[in-house]
Amino acid sequence: MPRTISALASFNRGEVSRLALGRVDVDKLRLAAQTMVNWVPHTLGPMQVRPGLAYVGGTFGNAQAYTLPFVYSTLDTALLELTPGTLRVIVGDEPLSRPQTGSTFPGGAWTTQTQGNGSVTNTGQIALDVPSIGGYAITGAPVAVASPGVLHALRIMILRGPVTLRIGSGPGLDDLVGEMALDVGTHSIAFTPGGGAYVEFQNRQFATALIGSVALEDDGDVVLPTPWDDTDLSSIRWDQSANVVFLACSGLPPMRIQRPTPQSWSIVPYRADDGPFQPGTPAACTLSVLNAQGYVTVTASRPVFQSGHQNSLLQAFTPNANATFALGAPGAAMPAVRVSGVGVARSIAFNVTGTFVGTWQLERSITGPDEGFAPVPQPITSVTSTTTSTGTSKAIGTGSTSGTSTGSSTGSAPVSGSGGTTGSGSTSETSNGTSESTSTSETNTTSDGTSTTTTQKGGFTGDGTVLNANGNGGGTYQDDLDNVVAWYRIAAPTLTSGVINAQIIHGGSGGRTAVLRIIAVDSPQSVRAQVLQPPSSDNPSDSWQFGDWSDAVGWPTAVALFDGRLGFSGRDRLWMSVSDAFDSFAAAIPDGSGGTTVGDSSAISRSIGYGPVATINWMLPLTRLLLGTAGSEVSVRSSALDAPLTPTGGMAMRDCSTYGSGLVPAVKCDTRGLFVQRAGQRLIQLGYDVNSQDYGPTDLNRLHPDLNLGNPIVRLAVQRQPNTRIHCVRADGTVAVLVFEPNDDVAAWYRIETDGLVEDVYVLPGAVEDVVYYTVNRNGTRCRERFARLDQARGGNLNRMADGHVIYQGAPVAAVSGLGHLNGKTVCIWADGKDRGTAIVAGGQVALPVAAASICVGLPYQARWQSAKLAYGAPAGMTALNAKKQIVSLGLVLADCHAQGLQFGQDFSALDPLPLYEEAAQIDPTSGSQDFDEPALEVPGEWTTDARLWLVGQAPRPCTVLAASLTMATNLGPTDQVGQAGA
């Protein structure tokens, strides 16, 4: 019966499958464990009884919660707690709350300011109606401040927006809350008034903005409404940019949670007003947009609309130009009309109507539709003679023209030739600085002989009287800028009151693409919509598209930020925003010359185009963008290595893995990605492979394939400090954790168990260690609990080794309260550096056996470690497998160990504690941590073919195992002379 002494110098191999226990020939498996529960392996090699979970609060309404980390910076973090229909913000482990103020709002009468026929209606809901370009509707009211210097907050619900909010110490000021746009949704806007405060709402868009409600928030927690019920929470995907969190959820529109100021929060639908759109137009159908501004009716030539199109975008190219626009402010101008071609193809007609006091003028730009405009001069008459010439005619209709005229003049140029008669003339007379003018012209064309043509040319500024007026008028105009692209518009240089209705009619080949948002479906052939980008005419359009997101076709299911773009995915499609413009999905961008083009920064819309893609479960932005589908994992690649994704540079989507993804969001770990395989039983790493120049999969459960068998992973979170740990919440409420340090060849699984069911895990960055939170259902009471740090579980006056624990530090007390979440439970007590036994919680408190100043009270837990098969003690060329063995003695090297912090043995049912005597001196069994490096201890147990070592710790007693030595006796029996080969 040979004896051997073997060293266990490392406990960071973790738990492996029982199917691997026969591989005693592999060091990694021989030194592993079959059971590792509540022991934390360190990358360096030791293992430590895990720290406890501190109770920091419950969930809202004790409902199941899905919690998202909000990380603006490592020092500015929060938790976003989503429960069915609600959002709470947790800051510093406390729910964001509002104090009692005693203030009232409105604290006085509402006041209004309007322009451009704007109006304000306040009947509980506040409607700010602006029916003109440049008009506005403003309303405001004071806050009757009862608590100066105390934080206040307004709860504002916007039904139609955006609405501009300003909060200042007086009317027109914004020194308390700077001007901000509030979109459709719910907003909690905080401010701290001094002696007074004034709240002002503005609408400066051609639309009706509608404020559903506005009131001072009551004292208590801030709770915002959300569209997600309990079945939606696990489908939420998110990514964050600065103060905005973008969210996608299967079956529902994307949302945004945003923090406009440090104490203010909003939740609003995510909306892009320029895309994305479905490819193609429904066959044999035209659309007509019946008005150009505000809320309009859209009709179809055949049934195409359905109820699911509500809130969908709609895009239509409207040919030609005839739309009328209302101008409601000085400097306001209608959208420009594009003119190109030669000769009469450049002719425009214009009309101005309305009741107003002010002036209007026709303006032109050859720079672009939004810049470079100058007033159009009156035509100049010139006479030319040509042979076989084609003449053009231009006429300015009757109108009132502002300006000073000191005389009158007439001019004519007779026209002769075949079929030609008449000429042109103009008259004017002076009246108090305003001239009434009439001009006409006609041009005749001949095909032979010589003709004299009168042409009225549009010159440059200063080459005549500007085309402007202070009353209704109109006419036609044709420039002589053949083959030059020009833009024309009517603007209002001055406007004291009223609205100028401006129209330019042009029958050329141009037009404008209108974008609308459908707000109501009235019939299969008629909808009401809000104009986002105005049409150029009400002419039927045969080139139009629905938005690619709606109840009719589906919503995005995943979201991520990548390469300066906001990306969404769903169905089999990937959509990425305009570069560095997260609110724009425009397929074409301005080309710098007044037109648009598909450029490198344009939005991207692509189909995966292959495979059984029903849902994209996640998006993961690594060196490349990865998409997880039920059938495969897709790598989105640009055409060149390290080049950004662009719509023009070429991009490809290729499978980099065919494991298929589960419904759990993937997580990022440096340049690696981690996701849960389709069945939920394996954790897969996606790492970049330089040989294939793409990402490739590695099964991180390959040594423990049955770890999650029948117990799928339902949540993932990554902790990076003090080492990388992947927390995998499983369906049975336990947690499998992977210590993952590939550079040190460490991939060690261990399990966490507690008295309750873990439902969620989330992580925030910390200074010493990342802060790991669990949501634990403890017998129907849901608790948000935070892991203590490893260095806080090594003894000392305050040892944080209990679950759901509460801490007391202060003057000595004989009882601890705040334990209502553990009523009826048996708890352990650590006080002033000693284990003080257990007690039962009653009425939310426990009595202490002795008064103490530093106390931790919470649920006890046990740490269990069972070795792999101990096939030691066989001569060279032989194996101890199947031989009877016994652990004769055990040497332990421990750190930070309680005097009774460890039990050991060959069988879990027969364990010995650490000795109570050292060198003939008795040890205090309640004493705190100490190091231990004593001679080997006798191990209880019997001879068996399957000898194992059990090490068991018990909270609240700390223990860290650095190393162990086993003295094994092996009875090889009749095989002593056989010389078996090793397995």
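The closest side-chain heavy-atom distance from Phe904 to Asp912 is below 4.5 Å. Between Leu8 and Leu949 the shortest side-chain heavy-atom distance falls below 4.5 Å. Residues Leu622 and Lys668 meet the side-chain proximity criterion, which asks for heavy atoms closer than 4.5 Å. Looking at Ile726 and Cys728, their side chains come closer than 4.5 Å, going by heavy atoms from C-beta outward. Residues Gln693 and Tyr688 are in side-chain contact: their nearest non-hydrogen atoms beyond the backbone lie under 4.5 Å apart. Considering only heavy atoms from C-beta on, Glu942 stays 4.5 Å or farther from Gln886 through its side chain. The side-chain heavy atoms of Val735 and Arg751, taken from C-beta on, include no pair separated by under 4.5 Å. Side-chain contact between Val16 and Trp749 is absent, with no heavy-atom pair separated by less than 4.5 Å.
We find that Arg789 and Asp791 are joined by a salt bridge, their nearest charged nitrogen and carboxylate oxygen being less than 4.0 Å apart. The pair Asp770-Arg720 does not count as a salt bridge, with every side-chain nitrogen at least 4.0 angstrom from each carboxylate oxygen. Note on Arg778 versus Glu785: salt bridge recorded, some NZ/NE/NH1/NH2 to OD/OE distance being below 4.0 Å.
Pairs engaging residues 676-690 under the salt bridge (charged side-chain N to carboxylate O under 4.0 Å, His left out) rule: Arg682-Asp699 [sequence neighbours left out]. Counting only residues at least two apart or in different chains, salt bridge (charged side-chain N to carboxylate O under 4.0 Å, His left out) contacts with residues 736-747 comprise Lys28-Asp745. Applying the salt bridge (charged side-chain N to carboxylate O under 4.0 Å, His left out) test to pairs two or more places apart or on separate chains, those with a residue in residues 949-960 are Asp835-Arg957.
Put simply, the side chain of Thr615 never gets that close to the backbone of Asn617: no donor and acceptor are under 3.5 Å apart. A donor-acceptor pair under 3.5 Å is absent between the side-chain atoms of Asp933 and the main chain of Val893, judged by distance alone. Panel note: side chain Glu633, backbone Gly660; a donor-acceptor pair is recorded below 3.5 Å. With Arg782 contributing its side chain and Asn777 its backbone, the two residues share no donor-acceptor pair below 3.5 Å.
The line from CG of Leu870 to OG1 of Thr970 is 9.5 Å long, rounded to the nearest 0.5 Å.
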query: Between Glu753 and Arg50, is a salt bridge (Lys or Arg N to Asp or Glu O under 4.0 Å) present by the stated rule, with each step listed?
result: CA-CA 10 Å; Glu753 294 179 357; Arg50 70 166 175 85; over 6 Å; no

Stepwise side-chain hydrogen bond (donor to acceptor under 3.5 Å, both in side chains) check, Thr734 with Asp732: CA-CA 6 Å; Thr734 62; Asp732 68 348; 2.6 Å; yes

task: I would like to know whether Arg18 and Gln34 meet side-chain hydrogen bond (donor to acceptor under 3.5 Å, both in side chains); could you show each step before the answer?
output: CA-CA 6 Å; Arg18 63 185 181 85; Gln34 182 175 348; over 6 Å; no

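Under the side-chain hydrogen bond (donor to acceptor under 3.5 Å, both in side chains) criterion, Arg624 pairs with Asp694, sequence neighbours left out. Partners of Asn799 under the side-chain contact (heavy atoms from CB on, under 4.5 Å) rule, at least two apart in sequence or in another chain, are Ala793, Met801, Trp830, Pro958. Remark: Gln48 engages His42 in a side-chain hydrogen bond (donor to acceptor under 3.5 Å, both in side chains) (not counting sequence neighbours). For Arg836, there are no salt bridge (charged side-chain N to carboxylate O under 4.0 Å, His left out) partners two or more places apart in sequence or in a different chain. Residues satisfying the side-chain contact (heavy atoms from CB on, under 4.5 Å) criterion with Ser889, sequence neighbours excluded, are Ala936, Thr967. Checked against salt bridge (charged side-chain N to carboxylate O under 4.0 Å, His left out), Lys825 has the following partners two or more places apart in sequence or in another chain: Asp755. With sequence neighbours left out, the side-chain contact (heavy atoms from CB on, under 4.5 Å) criterion links Pro722 to Gln719, Arg725, Glu769, Leu790. Under the ring-ring contact (aromatic ring centres under 6.0 Å, His included) criterion, Trp950 pairs with Phe908, sequence neighbours left out. Leu709 meets the side-chain contact (heavy atoms from CB on, under 4.5 Å) test with Gln681, Asp706; sequence neighbours excluded.
For an aromatic pair to be called close, the ring centres must be under 6.0 Å apart, and Phe11 with Trp865 satisfies this.
Side-chain contact of Thr775 with Asp760: a donor-acceptor pair under 3.5 Å is absent, judged by distance alone. No side-chain N or O of Thr754 forms a donor-acceptor pair with one of Tyr774 less than 3.5 Å apart. Thr623 and Tyr695 form a side-chain donor-acceptor contact under 3.5 Å, judged by distance and modelled atom types alone. Side chain to side chain, Asp907 and Ser909 meet the donor-acceptor criterion of an N or O pair below 3.5 Å. Between Asp896 and Thr960, the side chains place no donor N or O within less than 3.5 Å of an acceptor N or O (distance only, hydrogens not considered).
Ring geometry for Tyr66 versus Trp238: interplanar angle over 60°, hence perpendicular rather than tilted (30 to 60°). Below 30°, between 30° and 60°, or above 60°: for Phe787 and His727 the angle between ring planes is between 30° and 60°, a tilted geometry.
Dense packing is recorded around CD of Gln862, with more than 12 heavy atoms of other residues, nucleotides or ligands lying under 6.0 Å away. The local environment of CG in Leu44 is sparse, with at most 12 non-hydrogen atoms from other residues, nucleotides or ligands closer than 6.0 Å. The environment of Leu937 atom CG is dense: over 12 non-hydrogen atoms of other residues, nucleotides or ligands sit within 6.0 angstrom.
The heavy-atom pair separating Ser17 from Pro705 by the smallest distance is CB-CD, 3.7 Å.
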